[in-house]
Amino acid sequence: YIQGALEKHGYKKTLEAADGKDALDMLMEHQVDLIITELDMPKVSGLDLIKALSDHSTLKSIPCMVTTFDTSNDNFNEAMRTGAAGYIKKPFTSSELDIKIKAI
């Protein structure tokens with residue numbers, strides 16, 4: 001859904017990872033301008049992904065947006081404290097996603 005929403009708003013170069021581990025692997029090989037992550041992912045959670053990014057000298061400068069159903073849980077609060085640049089609460093429209101991206 002997110003990749004389709006991005007393309008709808010003109011974001012042509014996107015990468016999609018199956019889980020947090022794949023995302024970390026991809027980030028080591030590809031330069032990106034923004035990371036959008038779900039908090040609840042297999043292998044490496046979105047929170048662990050954000051923590052890994054914040055510890056990496058090059059990757060920590062890439063803004064990371066969190067998607068979640070629940071903005072009241074501990075993982076969400078920790079993600080925001082750890083360095084997430086913003087969030088979008090599910091469900092959301094492609095227009096809402098575009099607005100959040102532009103704000104970041």
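Every value quoted in this text rests on a predicted model; they were computed, and no experiment measured them.
Annotation: side chain of Lys60 is not in contact with side chain of Leu53 (no heavy-atom distance under 4.5 Å).
Heavy atoms only, all atoms of each residue included: Leu34 and Pro63 are closest at CD1-O, 3.4 Å. Smallest separation of non-hydrogen atoms from Ala17 and Met26: CB-SD, 3.7 Å. Contact between Ala84 and Val66 at its shortest, heavy atoms only, is CB-CG2, 3.7 Å. Here the shortest heavy-atom pairing between Pro42 and Asp19 reads O-CB, 3.4 Å.
Residue Lys21 qualifies as open at atom NZ: its count of foreign heavy atoms under 6.0 Å is 12 or below.
Between the CD atom of Glu96 and the CD1 atom of Ile101 there is a distance of 12.0 Å, given to the nearest 0.5 Å. Annotation: the span from Ile35 atom CD1 to Ile62 atom CD1 amounts to 4.5 Å, rounded to 0.5 Å. Atom CG of Leu49 and atom CG of Leu27 lie 6.5 Å apart (nearest 0.5 Å). Atom CD1 of Ile50 sits about 9.5 Å away from atom CG of Asn75, to the nearest 0.5 Å. The CG atom of Leu47 lies 10.0 Å from the CG atom of Asp74; values are rounded to the nearest 0.5 Å. Note: Met65 CE to Ile2 CD1 = 7.0 Å, rounded to the nearest 0.5 Å.
For residues 83-104, the pairs satisfying ring pair (Phe, Tyr, Trp, His ring centres under 6.0 Å) are Tyr1-Phe92, Phe76-Tyr87, with sequence neighbours left out. Sorted by first and then second residue, the side-chain hydrogen bond (donor to acceptor under 3.5 Å, both in side chains) pairs involving residues 27-47 (not counting sequence neighbours) are Glu38-Thr67, Glu38-Lys90, Ser45-Asp48.
Take Ser54 and apply the side-chain contact (heavy atoms from CB on, under 4.5 Å) test, not counting sequence neighbours, and it matches Thr82.
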Q | Intermediate values then yes/no, salt bridge (Lys or Arg N to Asp or Glu O under 4.0 Å), Lys102 and Asp98 | A | CA-CA 6 Å; Lys102 287 178 178 169; Asp98 186 48; 3.0 Å; yes

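Looking at Asp70 and Thr68, their side chains never bring a donor and an acceptor atom within 3.5 Å of each other.
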